[in-house]
Amino acid sequence: MNHKKNQDRRHFLKKTGLGSLVALIGAEIVYALPKDYTPLVLENDPQTLFGKHQDLIVRNNQPWNVESPAHLLDDRTTPADKMFIRNNGLVPEQIDLDNWTLTIRGESVNQDNTYSLEELKRKFTKHSYQLVLECGGNGRADYYPPTEGNQWEVGAVSCAEWSGLRLRDLLADVGIKSNAVYVGFHAADLHLSRDANKEVISRGIPIAKAMEEETLIAYQMNGTDIPLVHGHPLRLIASGYPASVSGKWLTALSVRDRVHDGEKMAPPSYSIPCDPVQPGEDVAKENMCIIEKMPVKSLLTYPKSGAIIKERTPLAIRGHAWTGENTVTKVEYSIDFGATWKPCQLEKGKNRYSWQHFQAKVDFPRKGYYEVWARATDNSGKTQPMLTPGWNPKGYLNNACHRIAVKVS
Ligand SMILES: Nc1nc2c(c(=O)[nH]1)N[C@H]1C(S)=C(S)[C@@H](COP(=O)(O)O)O[C@H]1N2
Ligand SMILES: [Mo]
């Protein structure tokens with residue numbers, strides 16, 4: 001694991017020229033970067049990436065895609081510096097707060113309406129929830145045959161506290177028609193080609209999801225302004241669905257009388273085969289279904305994989321579990337590759353779509369090498385598989401059990 005991480009870092013240093021930066025600082029940087037592309041991070045603070053913890057793993061730097069190793073997700077509420085970044089395009093370069101507006105339009109609104117940030121904050125009740133955001137491709141690295149895209153391991157997931165107004169309150173204020181079936185988002189990020197007419201991503205959610213209490217138009221994260229890279233100043237948050245529906249840098253919403261047809265709505269993006277397929281099989285787009293609820297999953301965040309402990313000392317393990325359904329009902333652990341399972345203590349979530357913390361005291365029978373596995377079950381009766389589940393062309397929805405290595409000596 002460590003070896004892999006170092007490899008990733010070296011790869012990153014080579015790609016961006018940050019390695020030579022430490023020694024050189026100056027004109028040299030320009031030559032190290034792809035033409036016409038200056039990441040904000042290099043302009044602002046060359047030593048850090050959007051203020052991220054230095055042990056986060058860069059999967060891609062154009063656009064920025066960065067994940068957290070499991071042990072850095074140990075906090076009950078994910079702080080900004082340990083939160084994964086998934087960008088499909090370039091972070092907006094200028095945010096004009098005074099003139100930032102949100103427009104609600106589409107076939108299914110009675111009349112278009114535009115709100116300023118100030119109006120959104122003043123006019124509507126503010127709600128706060130702890131909400132999991134998990135990339136649909138989290139865990140992609142484990143699919144075989146390999147699938148294209150960021151090779152996420154386990155850390156493209158977060159659970160921060162998001163505050164803002166309810167989307168449903170906003171829709172009520174605008175007035176929507178009874179034929180509304182979907183809400184699509186529009187955002188201010190820039191296409192990789194730098195063509196301002198091209199949308200980077202414009203996904204959305206069915207109207208029932210839009211109407212849920214926890215679906216927010218957020219303007220704060222963890223009690224302060226949303227960090228730029230996570231969508232400042234305004235973001236749609238619809239937890240329980242792949243995080244790709246939670247549009248950052250939100251500028252408009254389209255209330256649609258059909259399934260939204262924005263950028264990256266059409267299969268194969270964020271879609272899986274409607275019927276299971278053989279690994280590696282070609283799947284026609286018309287046989288793919290858009291991903292909605294995310295499956296039950298868990299992560300061991302303590303100890304860090306590779307821990308060495310003394311014989312006859314119980315080990316306290318802990319982590320989080322989450323589901324796109326209502327609640328996680330059970331988390332178990334195994335130290336014998338699933339031959340036997342024991343219960344973990346599981347806390348209630350702060351609210352629906354928050355992750356739930358679990359812990360256990362593990363006794364190891366004798367010295368040697370162990371793997372500690374965790375397995376969560378949710379209220380729909382589904383349990384995490386131990387193996388990588390159903391292969392799909394884009395490598396989505398891998399909710400296989402997480403495991404860590406422990407040596408008892
Ligand atoms: N405007 C915009 N919103 C976006 C994206 C994007 O590229 N542009 N990426 C989506 C995807 S695929 C994910 S997984 C989440 C990642 O959120 P984060 O970077 O705040 O962790 O944002 C979603 N919202
Ligand atoms: Mo994503």
Side-chain angles (χ1 to χ4, degrees), residues 88-127 162-191 195-221 225-226 228 230-239 241-266 269-270 290 292:
N88 290 266
L90 304 171
V91 175
E93 284 165 2
Q94 255 156 18
I95 307 280
D96 181 356
L97 291 180
D98 293 333
N99 294 307
W100 191 281
T101 54
L102 177 66
T103 298
I104 320 299
R105 56 179 199 236
E107 306 94 19
S108 296
V109 294
N110 295 331
Q111 207 180 349
D112 294 10
N113 209 341
T114 296
Y115 300 83
S116 68
L117 285 178
E118 184 275 326
E119 201 178 357
L120 290 173
K121 293 178 186 173
R122 172 173 45 82
K123 195 167 176 184
F124 299 94
T125 309
K126 180 178 171 182
H127 298 272
W162 294 91
S163 306
L165 54 143
R166 285 187 177 139
L167 174 55
R168 73 174 189 198
D169 291 348
L170 184 67
L171 295 179
D173 193 66
V174 176
I176 62 169
K177 298 181 188 164
S178 58
N179 66 355
V181 300
Y182 229 85
V183 179
F185 73 76
H186 304 276
D189 43 349
L190 196 58
H191 196 270
D195 179 344
N197 295 317
K198 282 193 182 157
E199 278 194 296
V200 174
I201 181 169
S202 173
R203 303 203 67 241
I205 46 177
I207 198 76
K209 183 73 185 168
M211 293 301 178
E212 284 186 352
E213 284 184 5
E214 303 86 351
T215 301
L216 299 179
I217 305 291
Y219 44 78
Q220 285 190 336
M221 187 186 102
D225 285 353
I226 301 173
L228 176 65
H230 296 295
H232 181 69
L234 213 56
R235 175 173 198 174
L236 176 62
I237 297 280
S239 179
Y241 272 40
S244 54
V245 303
S246 292
K248 305 192 270 190
W249 312 294
L250 191 66
T251 55
L253 294 169
S254 293
V255 186
R256 309 296 312 268
D257 64 0
R258 67 202 73 176
V259 174
H260 183 56
D261 49 6
E263 189 59 35
K264 297 202 190 298
M265 273 307 291
S269 291
Y270 305 103
I290 297 171
E292 298 194 333

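Position 1 is the first residue of the sequence, and the numbers go up from there. What you see below is based on every heavy atom in this structure, not just the backbone, and it leaves out hydrogens, waters and symmetry mates. Predicted model only: the values in this text are computed from it and were never measured.
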Asks: Under the 3.5 angstrom rule, does the side chain of Ser108 hit a backbone N or O of Lys177 as a donor-acceptor pair?
Replies: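 The answer is no, because no donor-acceptor pair under 3.5 Å joins these two groups.
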Asks: Could you give the distance from CG (Leu120) to CG (Leu234), rounded to the nearest 0.5 Å?
Replies: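 Between Leu120 CG and Leu234 CG, I get 6.0 Å after rounding to 0.5 Å.
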Asks: If I take atom CD1 from residue Ile217 and atom CD1 from residue Ile104, how far apart are they, to the nearest 0.5 angstrom?
Replies: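 Atom-to-atom, Ile217:CD1 and Ile104:CD1 are 6.5 Å apart.
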Asks: Does the side chain of Ile205 reach to within under 4.5 Å of the side chain of Leu167, using non-hydrogen atoms?
Replies: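 SC-SC contact between Ile205 and Leu167 confirmed.
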Asks: With heavy-atom distances below 4.5 Å as the criterion, would you say the side chains of His127 and Glu213 are in contact?
Replies: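 No, every pair of side-chain atoms sits at 4.5 Å or beyond.
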Asks: Which atoms form the tightest heavy-atom contact between Gly204 and Val245, and what is the distance?
Replies: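 Closest heavy-atom pair between Gly204 and Val245: O-CG1, 3.4 Å.
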Asks: Quick one: does NZ or CZ of Lys123 land under 6.0 Å from the six-membered ring centre of Tyr115, within 45 degrees of the ring axis?
Replies: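 That pair does not qualify as a cation-pi contact.
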Asks: Can you check whether Asp189 reaches Asn88 side chain to side chain, under 4.5 Å on heavy atoms?
Replies: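 Asp189 vs Asn88: side chains apart.
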Asks: Testing the basics here: between Glu292 and Pro242, what is the closest heavy-atom pair and its distance to 0.1 Å?
Replies: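 That would be O-CD, 3.0 Å.
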Asks: Search all heavy atoms of Trp162 against all heavy atoms of Met221 and return the closest pair with its distance.
Replies: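 Closest heavy-atom pair between Trp162 and Met221: CH2-SD, 3.4 Å.
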Asks: Only one of His232, Lys126, Arg235 forms a side-chain hydrogen bond (donor to acceptor under 3.5 Å, both in side chains) with Gln220, so which one is it?
Replies: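 The residue from His232, Lys126, Arg235 that satisfies side-chain hydrogen bond (donor to acceptor under 3.5 Å, both in side chains) with Gln220 turns out to be Lys126.
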Asks: State, to 0.1 Å, how close Ser246 and Ala238 come at their nearest heavy-atom pair, and which atoms those are.
Replies: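 Heavy atoms of Ser246 and Ala238 come nearest at OG-N, 3.0 Å.
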Asks: For Leu97 versus Pro233, what's the shortest heavy-atom pair and its separation?
Replies: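 Closest approach of Leu97 to Pro233: CD2-CB, 3.6 Å.
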Asks: Taking all heavy atoms of Thr251 and all of Ala188, pick out the closest pair and write down the distance.
Replies: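 Heavy atoms only, the tightest pair is CG2-CB, 3.8 Å.
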Asks: With side-chain contact (heavy atoms from CB on, under 4.5 Å) as the test, pick out the partner of Arg105 among Gln111, Arg256, His186.
Replies: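 Answer to the side-chain contact (heavy atoms from CB on, under 4.5 Å) test with Arg105 among Gln111, Arg256, His186: His186.
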Asks: Can you tell me how far NZ of Lys198 sits from NE2 of His191, rounded to the nearest 0.5 angstrom?
Replies: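 Nearest 0.5 Å value for the NE2-NZ distance: 5.0 Å.
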Asks: Can you tell me how far apart OG (Ser202) and CG (Leu253) are? Round to the nearest 0.5 Å.
Replies: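 Between atom OG of Ser202 and atom CG of Leu253 there are 9.5 Å.
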Asks: Give the C-alpha distance, both sets of side-chain angles, the deciding distance and a yes or no for side chain to side chain contact (heavy atoms under 4.5 Å, CB included) between Val200 and Leu190.
Replies: CA-CA 7 Å; Val200 174; Leu190 196 58; 5.6 Å; no
Asks: Once you round to the nearest 0.5 Å, how far does CD1 of Ile237 lie from CD1 of Ile226?
Replies: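 Rounded to the nearest 0.5 Å, the CD1-CD1 separation comes to 6.5 Å.
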Asks: Does the side chain of Arg166 come within less than 4.5 Å of Leu216's, by heavy atoms?
Replies: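 Contact flag for Leu216/Arg166 side chains = yes.
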Asks: Rounded to the nearest 0.5 Å, what separates atom CD in Glu263 from atom CZ in Phe185?
Replies: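 Glu263 atom CD to Phe185 atom CZ measures 10.5 Å (nearest 0.5 Å).
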Asks: So do Leu102 and Leu117 actually touch side chain to side chain, heavy atoms under 4.5 Å?
Replies: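 When only atoms from C-beta onward are counted, Leu102 and Leu117 do not touch, as no gap falls below 4.5 Å.
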Asks: How about Ser254 and His260: does a side-chain donor come under 3.5 Å of a side-chain acceptor?
Replies: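 Result is no, nothing qualifies.
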Asks: Keeping Arg203 on the side-chain end and Lys264 on the backbone end, is there a donor-acceptor pair under 3.5 Å?
Replies: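 Yes: the side chain of Arg203 pairs with the backbone of Lys264.
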Asks: Look only at the side chain of Trp249 and the backbone of Leu228, and say whether a donor-acceptor pair between them is shorter than 3.5 Å.
Replies: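 Confirmed, Trp249 side chain pairs with Leu228 backbone.
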Asks: Is any side-chain heavy atom of Leu171 closer than 4.5 Å to one of Met211?
Replies: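 A side-chain contact under 4.5 Å exists here.
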Asks: Mind running side chain to side chain contact (heavy atoms under 4.5 Å, CB included) on Tyr182 and Arg258 for me, showing each step along the way?
Replies: CA-CA 6 Å; Tyr182 229 85; Arg258 67 202 73 176; over 6 Å; no
